[in-house]
Amino acid sequence: MPVTITFPDGSARQYEAGTTGAEIAASIGPRLAKAAVAARFDGAAIDLHAPITQDGAVEVITAASEDGRHILRHSAAHVMAQAVLDLYPGAKFAIGPPITDGFYYDFEVAAPFTPDDLVRIEKRMAEIIAEDQPFERDELSVAEALEVFADQPFKTEIIESVDEDEGAGGSEVSVYRNFAFVDLCRGPHVPSTKRLKAVKLMRSAGAYWRGDENRPQLQRIYGTAWESKSELDAYLERLEEAEKRDHRKLGQDLELYSFPQELGSGLAVWHPKGGLLRTIIEDYSRRTHLEHDYQIVSTPHLAKADLWQTSGHLDFYAEGMYPGMVLDESTEYRMKPMNCPFHILIYGNRGRSYRELPLRLFELGTVYRYERSGVIHGLMRARGFTQDDSHIFCEENDIAGELQNLLDFTLMVLRDFGFTEFEADLSTKDPEKYIGSDELWDKAEEALRLALEAADLPYNLAEGEGAFYGPKIDVHIRDAIGRRWQLSTLQVDFAQPENFDLLYATDHNTRERPVMIHRALMGSIERFVGILIEHYAGALPGWLAPVQATIVPVADRHIEYAEQVATRLESQSLRVEVDGSDETVGEKIRRAITQKHPAILVVGDSDVAAGTAGLRLRGEDEKRGVSVDDVVGKLVEVCRAPR
RNA sequence: GCCGGGGUAGCUCAGUCGGUAGAGCGACGCACUCGUAAUGCGUAGGUCACGGGUUCGAUUCCCGUCUCCGGCUCCA
């Protein structure tokens with residue numbers, strides 16, 4: 001009985017029933033056969049040597065595809081577990097999935113893995129790979145599987161939970177064997193270990209079983225696997241590139257900020273150039289908010305604990321707050337982890353009218369959150385940071401229009417800083433845990449959805465992920481090397497107006513409760529700077545660069561002229577340095593390039609005589625003898641702020 | 001907070017099997033006055049993170065604390 005196989009290009013062919021993906025690939029061509037690691041039958045991934053007994057669509061998965069790498073990495077994880085079980089008798093193994101760019105496996109062993117252990121394991125893996133052990137699939141009943149894994153408590157737990165979670169489908173489990181090694185696995189796998197051409201172990205780390213810090217901490221080994229040595233090398237190079245962009249390193253190199261150990265973890269100080277960069281960003285933020293009908297307010301850094309009790313923070317997030325200080329013998333104060341209660345107090349300071357709404361209060365508000373010591377990461381995750389924070393108080397019927405304007409504003413800001421790729425998450429009501437009426441939630445979620453659609457922003461629906469007090473939109477950007485960062489949050493809040501009993505007078509002089517929208521566009525200024533630095537690898541666009549041009553006099557006798565040129569540029573509000581140091585021209589240029597200054601001007605005898613300069617823009621060749629007027633014009637253009 | 005690895009000059013790092021340390025870059029000085037990614041010579045600079053213990057003697061070994069890095073967990 002032949003079966004009819006259709007291919008992704010729409011063509012169809014007949015094969016003997018029981019044919020395999022490997023045979024199909026071979027029938028198409030030897031190169032495909034060699035590159036194949038698995039197949040897809042009617043969309044489901046299967047092993048290359050699994051027999052196909054009915055008509056259907058077949059797609060051959062090659063090692064160079066994302067699917068293929070996934071399978072490669074999964075198989076590499078098995079080989080790693082096999083190596084560890086060989087080398088460390090008594091080791092218990094837990095789970096080992098493929099992840100972005102690699103894989104890991106978790107083990108319980110007597111002692112944590114050292115770097116030397118990784119070398120040993122990698123060596124053993126190479127042996128297993130060289131032996132070209134075939135991967136074979138087997139279906140076991142739960143009882144059989146429990147026997148096979150009798151001395152593996154984590155596997156036993158997984159087998160038992162299959163029964164629970166997957167209902168009828170859990171009566172059998174599949175396992176994969178290569179030689180004596182058996183692992184629970186859905187598969188598919190590469191046909192045999194020799195297909196693993198480029199595998200490298202990266203590091204070991206502690207990781208909790210099932211991600212739960214109350215359960216045993218296991219030893220995780222991370223590795224990576226690629227279809228070829230050259231792809232592996234390219235990956236390692238990408239890692240190195242990413243490391244060069246590290247904002248902590250660049251912050252030091254470019255003299256922007258530092259993290260003095262004397263201050264404590266997660267607390268940065270901003271040096272003059274970083275301070276200037278911050279100021280530029282903050283000025284932009286204030287200016288654009290004023291232009292968008294926000295009112296700027298300012299509030300203190302601490303408040304009585306009672307305020308945080310009313311807002312609910314002490315009940316829900318006390319562990320994220322700095323501990324209290326008791327003053328005047330009995331009154332406890334707390335550093336602020338959020339700005340909202342202060343803005344709410346401004347709203348509530350007097351009776352409000354519908355005529356004032358929407359009322360948009362904006363503040364660059366510095367907050368302090370007690371982040372656990374292990375999570376602090378430069379500017380990206382700090383214990384003190386400044387939010388571009390606003391709370392908008394509006395009528396229920398204003399929510400939709402307000403959110404739409406807000407999302408436009410958000411995207412404008414992010415585009416102004418050079419980000420071009422956006423994605424959003426829409427987090428909706430958790431049916432188990434929410435306050436406010438269903439009707440209000442539906443309305444707000446609908447408003448958020450409409451705003452996303454009006455802005456033409458692709459979004460993922462995160463159902464049930466909303467906070468208990470309202471739905472929200474998070475906006476993510478992709479940076480220059482493809483990493484995703486969450487920046488903006490637009491959060492509808494039904495709870496705080498209730499907690500603080502906020503009201504406004506309607507046009508019929510009745511009292512209604514306003515709805516509140518929390519929002520931060522950049523999120524935290526500190527983190528935003530960190531992301532900008534990594535996005536641009538330190539080479540900030542002209543309008544953000546603390547130093548926009550360096551003027552290099554060729555010899556001391558040109559310093560005076562250099563100063564004159566600097567004055568001309570400064571009169572156009574350009575930020576200029578004259579490098580009058582006792583160094584060669586080459587060295588001074590090297591410094592300016594290393595510092596990523598957008599423009600370098602070189603002035604010598606001919607320039608003094610002709611009123612010109614040599615102009616070297618970042619990333620471009622030098623132009624000699626450019627008139628100072630043209631230099632000014634060019635730099636003004638290069639350094640113009642987006643608005 | 002948890003697991004592992006670190007903390008030596010302003011920076012990047014080497015070193016001391018226990019006898020108080022070195023390089024490159026940077027800084028400073030002198031010479032050079034130079035046309036596009038490192039001019040030469042010289043000088044200064046260290047409580048070897050901090051506190052305790054062991055020892056005749058600790059930067060080195062042990063314990064604690066702070067702090068950094070990689071993960072885990074967390075991220076209102």
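To find a chain, count down the sequence lines: A is the first, B the second, and so on, and within it residues start at 1.
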Distances for protein N/O vs nucleotides 26-34 of chain B N/O pairs under 3.5 angstrom?
| from | atom 1 | to | atom 2 | distance (Å) |
| --- | --- | --- | --- | --- |
| B/rA31 | N6 | A/D582 | OD2 | 3.3 |
| B/rC32 | N3 | A/D582 | OD1 | 3.2 |
| B/rC32 | N4 | A/D582 | OD1 | 2.5 |
| B/rC32 | N4 | A/D582 | OD2 | 2.4 |
| B/rU33 | O2 | A/D556 | N | 2.9 |
| B/rU33 | N3 | A/D556 | OD1 | 3.2 |
| B/rU33 | N3 | A/D556 | OD2 | 2.7 |
| B/rU33 | O4 | A/D556 | OD2 | 2.8 |
| B/rC34 | OP2 | A/R557 | NH1 | 3.3 |
| B/rC34 | OP2 | A/R557 | NH2 | 3.0 |

Specify the residue among A/Y317 and A/V602 whose closest nucleotide of RNA chain B lies further upstream toward the 5′ end. A/V602

With the side chain of A/I589 defined as its heavy atoms from C-beta on, choose the nearest nucleotide among B/rG71, B/rA76, B/rA37. B/rA37

Pull out every residue in residues 208-215 of chain A that has a heavy atom closer than 4.0 Å to any atom of RNA chain B, ordered by number, or say none. A/Y208, A/G211, A/E213

Between the protein and nucleotides 62-69 of chain B, list the N/O to N/O atom pairs that are separated by less than 3.5 angstrom.
| from | atom 1 | to | atom 2 | distance (Å) |
| --- | --- | --- | --- | --- |
| B/rU67 | OP1 | A/S265 | N | 3.4 |
| B/rU67 | O2' | A/Q261 | OE1 | 3.3 |
| B/rU67 | O2' | A/Q261 | NE2 | 2.7 |
| B/rC68 | OP1 | A/S265 | OG | 3.3 |
| B/rC68 | OP2 | A/S265 | OG | 2.9 |
| B/rC69 | OP1 | A/R248 | NH1 | 2.8 |

B/rC75 base / A/E371 side chain donor-acceptor hit below 3.5 Å: no

Polar pair under 3.5 Å, donor/acceptor by atom type, side chain A/R381, base B/rC75: yes

Quickly, which of A/H301, A/R383, A/K336, A/R334 forms a side-chain hydrogen bond (donor to acceptor under 3.5 Å, both in side chains) with A/Y368? Name it, please. A/H301

Distance check needed: B/rG71 P versus A/L239 CG, whole Å only. 10 Å

What's the CZ-C1' distance between A/R203 and B/rC72, to the nearest Å? 12 Å

Can you name the closest pair of heavy atoms from A/L201 and A/L118 and give their distance? CD1-O, 3.6 Å

Heavy atoms only, 4.0 Å cut-off, all strands: where does A/S606 land among base, sugar-phosphate and nothing? base

